[in-house]
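Numbered from 1 within each chain, the chains take letters A, B, ... in sequence-line order. Since we're looking at a predicted model, the values are computed, not measured.
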2 protein chains.
Amino acid sequence: MTDSVVLDAVDLHILRLLQNDARTTYRELAAEVGVAPSTCLDRVARLRRTGVVLGHRLRLDPAKLGRGLEALLLVQVRPHRRELIGPFVDRIRALPESRALFHLTGPDDYLVHVAVADPADLQRLVLDEFTSCREVARVETRLIFQQWECGPLLPPSASPSLSAD
Amino acid sequence: MTDSVVLDAVDLHILRLLQNDARTTYRELAAEVGVAPSTCLDRVARLRRTGVVLGHRLRLDPAKLGRGLEALLLVQVRPHRRELIGPFVDRIRALPESRALFHLTGPDDYLVHVAVADPADLQRLVLDEFTSCREVARVETRLIFQQWECGPLLPPSASPSLSAD
DNA sequence: TGTGAAAGAAATTTGGA
DNA sequence: TCCAAATTTCTTTCACA
């Protein structure tokens, strides 16, 4: 967080292309952006070094892996104290059914995104891993009908450069 | 959805490694899994063809892009009818602040994961894009303190093979 | 299918502006 | 920083088990 990077139009163009397809080659990036491949390499390396780019992730179809039912669980943890929520977070993160976990403001302390095989599997998960735990005061289950990933993550304004610490 | 793939131990091993680092080379996969690089290529190509692998995605740090504040918005759309929710979904997906959108069961019809610059930006987003819309009956804003991605997505059981349609 | 070797392509490194 | 060329490394193909 101590060093500051400035993202110029070239960086943003590269990021947009890579968010579309993270396997775009440096040659293709170079041709598209209008710089040399080695320059693209430099830029991407810098974006990694400065922490803008955290890594590459494989996108999988949960349904094809036998996890066709997804849900969001709103969880109230009581008492909401460090010595309880630390282990709670660790336990939930380690569940094979967990896809993501959020610590939130509001009446529900946590939101857990889970992927399971079927309703019976979800019932087992909720009963065995949530409602049966002393620290879990309440669980609300919301099934996911459909979900969408949204557009690429880019700087807020249309300004040509941005300072990011 | 008509063809069926069977994931054996080699496929699962490859998927686990790629979920850990999507840029692992076929050489490295081969060395790790104990097959030839060309076999890894075949396996991954088949996983792509059958839709198990959907693509590669760049993971970015929203904070480094000037979007350090994230929130989940619980939205009630009334009346909850196709002719309203179609355009609503399209509009929300197109917002640069939107990261993900879920259509849910329960009292809230949609959950929107957004990334904004600061509280003022969030206020603007909620007022201008949500509460000011006739079809939006209610919006509840939950700030995200912290979030975690969970372990790799894998088949439910420890069974050596799995049929995925 | 899976393999190893060869051909092709891409990623890195280097050095000069 | 950027680029172009050289080098190294990976990907892809293909004939064969």
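- Between the CZ atom of A/Arg27 and the P atom of D/dA4 there is a distance of 13 Å, rounded to whole Å.
- With ring centers used as reference points, B/Phe102 lies 6.0 Å or more from B/His113.
- Within the 4.5 Å cutoff, no side-chain heavy atoms of A/Leu74 are placed close to those of A/Tyr110.
- Atom OH in A/Tyr26 sits roughly 13 Å away from atom P in D/dT11 (whole-Å rounding).
- In this model, no donor atom of one side chain and acceptor atom of the other lie less than 3.5 Å apart for A/Gln147 and B/His103.
- In this structure, B/Leu84 and B/Pro79 have side chains that are in contact, with non-hydrogen atoms separated by less than 4.5 Å.
- Among the protein residues, B/Thr25 comes within range of the sugar-phosphate backbone only, with heavy atoms under 4.0 Å from sugar or phosphate atoms but none that close to a base.
- Atom CG of B/Asp42 is separated from atom C1' of D/dT11 by 12 Å (rounded to the nearest Å).
- Across the interface with DNA chain C, nearest-nucleotide mapping of B/Arg23 and B/Val10 shows B/Val10 to be the residue nearer the 5′ end.
- OP1 or OP2 of D/dT12 has not a single side-chain nitrogen or oxygen of B/Ser38 nearer than 4.0 Å.
- The neighbour count for B/Gln146 CD, taken as heavy atoms of other residues, nucleotides or ligands under 6.0 Å away, is above 12.
- If you measure from atom CG of A/Leu41 to atom C1' of C/dT14, you get 12 Å, rounded to the nearest angstrom.
- In the region residues 14-21 of chain A, proximity to DNA chain D at under 4.0 angstrom, judged on heavy atoms, holds for none of the residues.
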Identify the pairs formed between an N or O of the protein and an N or O of nucleotides 15-17 of chain C at a distance under 3.5 Å, and give each distance.
none

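- There is no path of hydrophobic side-chain contacts, each under 4.5 Å, that joins A/Leu69 to B/Leu104.
- Among the atoms of the strands shown, only primed sugar atoms or phosphate atoms (P, OP1, OP2) are found under 4.0 Å from some heavy atom of B/Arg43.
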